[in-house]
Amino acid sequence: MRQQYFLAPTLRDTPADAEVASHRLMLRAGLIRQLAAGIYTYLPLGYKVLRKIENIVREEMDRTGAQEMLLPALHPAEIWQETGRWDVYGPELMRLKDRHDRSFALGPTHEEVITGLLRDEVNSYKKLPLTLYQIQTKFRDERRPRFGMLRSREFIMKDAYSFDLDHEGLNKSYAKMYEAYHKIFERCGLDFRAVEADSGTIGGTDTHEFMVLSEIGEDTIAYCDACAYAANIEKAEAVQTTYEQWATDPSPTVETVDTPGVRTIEQLSDFLQVDRKQIIKSVALEVDEQVVIALVRGDYDVNELKVKNLLQGESVRLLDESEVHSRLHSVPGFVGPIGLDDHVRLVADYSVRGIEQAVVGANEQDKHLIGVSAERDLALEDYYDLRHVVEGDACPKCQGTIRFAQGIEVGHVFKLGTKYSAAMGATYLDEQGKAQPFVMGCYGIGVSRLLAAIIEQNHDEHGLIWPKSVTPFDIHLIAVNMKDDHQRALAEEVYQRLLDNGYDVLFDDRDERAGVKFKDADLIGIPLRLVIGKKSKERIIEYKRRRTEETGEMSVDKLMAHMAEMWSQL
RNA sequence: CGGGAAGUGGCUCAGCUUGGUAGAGCGCCUCGUUCGGGACGAGGAGGUCGCAGGUUCAAAUCCUGUCUUCCCGACCA
């Protein structure tokens with residue numbers, strides 16, 4: 001491609017609205033332009049990379065035996081109503097009406113559509129297992145699109161769906177995908193971890209997220225410094241903490257003390273001169289319709305998701321201040337586990353077990369209770385893992401220690417089971433002629449997010465640095481001075497020879513000064529650069545590797561041998 | 001949805017406090033000089049100052065409303 005007419009408008013100044021590196025560089029290097037919040041145009045350069053990523057995904061999917069297809073992006077409301085997700089999915093579902101006032105949605109994911117298809121088209125155990133996938137534009141009306149392509153409202157996703165006879169089959173399909181995902185992200189040149197996760201609104205049991213390690217990642221990963229254990233912080237197991245670690249003398253009787261205006265654990269710890277570990281934190285939640293108080297030791301935080309999962313609820317949220325009064329008959333900042341109404345469900349984290357002389361809220365303005373014994377005074381049936389892990393926790397799998405890292409979620413694999421097939425009556429006939437629901441898995445990769453994640457891990461202060469596998473061009477050929485006849489002629493010759501030998505070349509044939517060309521080349525980040533300049537009369541040209549900045553010279557007559565060697569070393 | 005910031009030519013921004021003529025740098029076009037890390041000179045094109053309403057003889061500037069974008073939080077595949 002000749003750069004003179006190639007639409008890759010580079011910017012000298014950083015667009016004011018771009019904060020994160022990938023967004024900034026994609027705009028500056030001319031990969032994308034923004035149309036609206038979370039909605040982007042892919043310019044030729046950006047689209048070229050995107051297609052390379054798609055092809056890696058496609059190759060690895062095909063290798064597992066999955067079949068590519070394309071489902072509609074526009075979905076009639078009825079199919080979403082069948083599974084109940086028309087209501088459950090909420091405002092993130094982009095909805096619209098046609099001229100007859102019929103409701104539609106722009107697909108944010110395709111469980112309904114694919115399950116509906118299989119319900120009609122596959123009826124026999126003889127046709128299973130089956131895995132189908134597509135690479136397609138998805139729509140999600142994010143509350144807050146941000147970080148450029150990392151969280152957008154219209155994005156490109158690869159979604160795959162497996163259909164099996166039973167859970168054993170699902171496990172095999174899942175394992176294949178899990179392995180394929182590793183290959184895909186390795187081929188993209190990424191530093192990533194597969195982590196255990198919560199399944200969220202898509203539903204299902206087992207699930208892993210694929211996280212690209214990055215400081216700007218929105219997810220926190222808890223990983224072990226000794227073994228392979230890694231989990232999203234929302235899911236990470238907290239090891240049962242034992243009584244002996246913080247036991248104090250047995251409690252005397254419970255007393256009420258005045259604590260005017262003391263509302264936080266920190267203030268309380270200062271005010272009463274007690275260790276935070278001696279305070280029992282009471283968090284007021286609603287799980288589905290049920291009011292729940294979750295107890296955790298004062299130096300920990302409640303993981304709401306764990307509370308929801310313990311009670312097998314569908315939703316969880318904090319009660320707001322007015323609800324603490326109206327539904328809990330307590331006072332915000334002074335909520336405690338003693339003297340609650342019967343309808344309130346009390347659950348406690350392992351860390352609460354055995355605390356003596358504890359401090360808790362009194363459910364009265366400006367009052368706390370002291371001298372509480374968890375065993376004696378709290379009517380607890382049992383203790384559970386309800387807290388967030390913290391750095392330094394013990395690993396749940398080995399003797400190691402938990403550390404945190406930030407990650408960008410680029411892939412997610414779920415075992416759905418029969419959640420959708422049962423809801424939609426999607427069944428096959430087994431060998432006994434009996435109808436059985438498909439046992440399903442679903443597997444997503446945010447392809448456009450992957451593009452941004454690759455950039456987050458592959459750039460420097462000058463611009464992009466493409467991994468070989470996804471680079472938009474193989475070689476950036478620069479003629480320093482297009483007005484010099486020797487240089488121009490040699491550049492044209494080299495360009496043709498590279499093309500003839502199968503290299504994809506961006507040829508900077510613009511009538512620009514050398515500095516402009518070099519700056520743009522650094523910004524665009526093609527891994528190999530060939531510069532045709534002063535020594536063109538001697539048929540000598542220079543090369544530079546973008547990533548290492550290594551430079552050198554070569555004779556044009558040995559061009560192909562050199563290129564083959566340099567390319568193989570990338 | 002709560003909090004904060006910002007909308008002036010393609011990009012980065014000044015002007016607004018104290019109302020009166022719309023500016024700079026980069027980019028773009030023409031000519032000349034230059035030509036290995038974002039050149040220089042001269043000339044030129046390009047802007048209903050986000051939109052609507054109000055105040056005023058007069059609004060980019062003051063007032064009200066509204067839309068959009070970004071950041072933090074809440075929320076979330």
Side-chain angles (χ1 to χ4, degrees), chain A residues 7 9-20 23-24 27-28 30 33-40 85 88-93 107-111 138-148 150-153 155 157-159 197-204 207-211 216 218-219 232 234 304-305 315-318 320-321 407-414 442-446 448-449 461-463 478-484 487-488 508 510-524 529-536 541-542 544 549 551 553:
Chain A
L7 183 63
T10 55
L11 300 174
R12 294 193 184 198
D13 294 313
T14 301
D17 283 344
E19 289 275 322
V20 301
H23 190 200
R24 209 168 54 225
L27 288 167
R28 282 197 60 210
R33 286 295 181 262
Q34 182 173 31
L35 181 63
I39 303 176
Y40 295 87
R85 284 211 295 181
V88 173
Y89 211 93
E92 288 209 358
L93 188 64
T109 178
H110 281 71
E111 285 81 8
K138 296 281 191 276
F139 300 88
R140 292 187 192 176
D141 195 359
E142 293 282 348
R143 250 172 225 223
R144 189 180 157 207
R146 58 177 150 179
F147 303 149
L150 285 171
R151 181 169 294 275
S152 52
R153 294 192 293 175
F155 59 98
M157 184 170 174
K158 184 285 302 180
D159 46 326
D198 188 80
S199 53
T201 55
I202 289 196
T207 167
H208 287 85
E209 293 169 335
F210 288 79
M211 296 283 192
I216 63 141
E218 295 182 86
D219 293 281
N232 193 306
E234 67 187 10
E304 295 164 29
L305 216 51
S315 68
V316 63
R317 64 182 183 88
L318 283 167
D320 65 34
E321 298 216 345
I408 300 166
E409 183 189 346
V410 290
H412 205 156
V413 291
F414 296 86
C442 83
Y443 317 91
I445 289 179
S448 44
R449 181 182 280 184
E461 67 272 28
H462 302 297
I478 295 178
V480 169
N481 186 348
M482 283 299 284
K483 285 183 181 149
D484 181 300
Q487 291 188 26
R488 173 190 283 272
D508 193 344
R510 297 176 300 167
D511 184 17
E512 290 285 353
R513 294 169 65 84
V516 173
K517 294 188 176 192
F518 292 146
K519 288 286 186 190
D520 274 348
D522 287 340
L523 185 57
I524 291 171
R529 179 187 311 176
L530 291 181
V531 180
I532 296 185
K534 283 175 180 156
K535 293 190 181 172
S536 59
I541 65 178
E542 292 163 40
K544 183 170 185 180
E549 299 191 336
T551 58
E553 293 186 342

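To find a chain, count down the sequence lines: A is the first, B the second, and so on, and within it residues start at 1. Computed from heavy atoms alone, side chains included, the values below leave out hydrogens, waters and symmetry copies. Bear in mind the structure is a predicted one, so any value in this text is a computation, not a measurement.
Nucleic acid contact for R33(A): none, since no nucleic acid atom lies under 4.0 Å from a heavy atom of the residue. D484(A) comes within 4.0 angstrom of no nucleic acid atom, judged by non-hydrogen atoms across all strands.
Spacing between atom CD of E234(A) and atom P of C75(B) amounts to 12 Å, rounded to whole angstrom units. Taking atom CD of E218(A) as the reference point, atom P of C72(B) lies 9 Å away to the nearest angstrom. Atom pair I216(A):CD1 and C72(B):P shows a separation of 10 Å (rounding to whole Å applied). Counting to the nearest Å, the P atom of C70(B) and the CG atom of L150(A) are 13 Å from each other. Rounded to an integer number of Å, the gap from CG of L27(A) to P of C70(B) is 11 Å. The CG-P distance, from L523(A) to C11(B), rounds to 17 Å in whole Å. One atom, CD of E409(A), and another, P of C75(B), lie 17 Å apart when rounded to the nearest Å. A straight line from CG of L305(A) to P of A74(B) spans 15 Å, rounded to a whole angstrom.
Taking atom P in both U34(B) and G41(B), one finds a spacing of 16 Å when rounded to whole Å. Separating the P atom of A39(B) from that of G27(B) is a span of 8 Å, rounded to the nearest Å. As rounded to the nearest Å, C11(B) and U48(B) have P atoms that lie 14 Å from one another. Comparing the P positions of G73(B) and G15(B) gives an interatomic distance of 30 Å, to the nearest angstrom. The gap from the C1' atom of G19(B) to that of C13(B) amounts to 23 Å, rounded to the nearest Å. A6(B) and U61(B): their P atoms are spaced 16 Å apart (whole Å). The same atom, P, is picked in G43(B) and in A5(B); the two are 42 Å apart, to the nearest Å. Rounded to whole Å, the separation between the C1' atoms of G23(B) and G32(B) comes to 28 Å.
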Exercise for review: Under the side chain to side chain contact (heavy atoms under 4.5 Å, CB included) rule, what do M157(A) and I445(A) come out as? Steps first, then yes or no, please.
Suggested key: CA-CA 6 Å; M157(A) 184 170 174; I445(A) 289 179; over 6 Å; no
Exercise for review: Would you sort out whether T551(A) and E549(A) count as a side chain to side chain donor-acceptor pair (under 3.5 Å), showing the intermediate values?
Suggested key: CA-CA 6 Å; T551(A) 58; E549(A) 299 191 336; over 6 Å; no
**Study point:** ring pair (Phe, Tyr, Trp, His ring centres under 6.0 Å) between F210(A) and H208(A), worked out
**Key:** CA-CA 7 Å; F210(A) 288 79; H208(A) 287 85; 7.4 Å; no
Practice item. Start with the C-alpha distance between E19(A) and R24(A), add both sets of side-chain angles, then the distance that settles salt bridge (charged side-chain N to carboxylate O under 4.0 Å, His left out), and finish with yes or no. Key: CA-CA 6 Å; E19(A) 289 275 322; R24(A) 209 168 54 225; over 6 Å; no
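Set against C72(B), C11(B), C76(B), the side chain of L11(A) has C11(B) as its closest nucleotide. Nearest nucleotide to the A36(A) side chain, out of U69(B), C75(B), G38(B): U69(B).
If you check the side chains of N481(A) and Q487(A), you find no donor sitting under 3.5 Å from an acceptor.
Taking the six-membered ring for Trp, H462(A) and F518(A) have ring centres at least 6.0 Å apart.
In this structure, C40(B) forms a base pair with G32(B), meeting either the Watson-Crick or the G-U wobble geometry with both donor-acceptor distances under 3.5 Å. Using Watson-Crick or G-U wobble geometry with both donor-acceptor distances under 3.5 Å, U18(B) finds no partner in any strand shown. Base pairing of G65(B) is made with C51(B), judged by Watson-Crick or G-U wobble geometry with both donor-acceptor distances under 3.5 Å. Remark: G73(B) base-pairs with C1(B); criterion is Watson-Crick or G-U wobble with both hydrogen-bond distances under 3.5 Å. When both distances must be under 3.5 Å, the Watson-Crick or G-U wobble mate of A24(B) is U12(B).
Donor-acceptor pairing under 3.5 Å, judged by distance alone, is absent between the side chain of R140(A) and the base of C76(B). Taking 3.5 Å as the limit, the base of G2(B) and the side chain of R143(A) contain no donor-acceptor pair of atoms between them.
Checked by atom type and distance alone, the side chain of K535(A) never pairs as donor or acceptor with a backbone atom of E542(A) at under 3.5 Å. Judged by distance alone, the side chain of R488(A) and the main-chain N or O of M482(A) form a donor-acceptor pair under 3.5 Å. Listed for the T207(A) side chain is no donor-acceptor partner under 3.5 Å among the backbone atoms of A197(A). Side chain of K517(A) to backbone of I478(A): no donor-acceptor contact under 3.5 angstrom is found.
Residues satisfying the side-chain contact (heavy atoms from CB on, under 4.5 Å) criterion with E304(A), sequence neighbours excluded, are L285(A), V316(A), L318(A). Remark: D17(A) engages no residue in a side-chain contact (heavy atoms from CB on, under 4.5 Å) (not counting sequence neighbours). With sequence neighbours excluded, the residues that form a side-chain contact (heavy atoms from CB on, under 4.5 Å) with P108(A) are W80(A), Y89(A), L93(A), R140(A).
Remark on RNA chain B: of its neighbouring residues H23(A) and E304(A), the 5'-side contact belongs to H23(A), judged by nearest-heavy-atom nucleotide. Residues T10(A) and E142(A) each lie close to RNA chain B; by heavy-atom proximity, the contact nearer the 5' end of the strand is made by T10(A).
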Check nucleotides 3-6 of chain B for protein N or O atoms closer than 3.5 Å to its own N or O atoms and list the pairs.
none

Collect all protein-nucleotide pairs involving nucleotides 12-15 of chain B in which both atoms are nitrogen or oxygen and the distance is under 3.5 Å.
unit_1: U12(B); atom_1: OP1; unit_2: A16(A); atom_2: N; d: 2.6

Report each atom pair, protein N/O against N/O of nucleotides 33-37 of chain B, whose distance is under 3.5 angstrom.
unit_1: U34(B); atom_1: O2; unit_2: R513(A); atom_2: NH1; d: 2.7
unit_1: G36(B); atom_1: O6; unit_2: G533(A); atom_2: N; d: 3.4
unit_1: G36(B); atom_1: O6; unit_2: K534(A); atom_2: N; d: 2.5
unit_1: G36(B); atom_1: O6; unit_2: E542(A); atom_2: OE2; d: 3.4
unit_1: G36(B); atom_1: N1; unit_2: E542(A); atom_2: OE1; d: 3.4
unit_1: G36(B); atom_1: N1; unit_2: E542(A); atom_2: OE2; d: 2.5
unit_1: G36(B); atom_1: N2; unit_2: E542(A); atom_2: OE1; d: 2.5
unit_1: G36(B); atom_1: N2; unit_2: E542(A); atom_2: OE2; d: 3.2
unit_1: G37(B); atom_1: O6; unit_2: R529(A); atom_2: NH1; d: 3.3
unit_1: G37(B); atom_1: O6; unit_2: K544(A); atom_2: NZ; d: 3.0
unit_1: G37(B); atom_1: N1; unit_2: D522(A); atom_2: OD2; d: 3.0
unit_1: G37(B); atom_1: N2; unit_2: D522(A); atom_2: OD2; d: 2.1

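Using a 4.0 Å cut-off, some side-chain N or O of R144(A) falls inside it from OP1 or OP2 of C72(B).
Between R153(A) and D141(A), some side-chain heavy-atom pair lies under the 4.5 Å cut-off.
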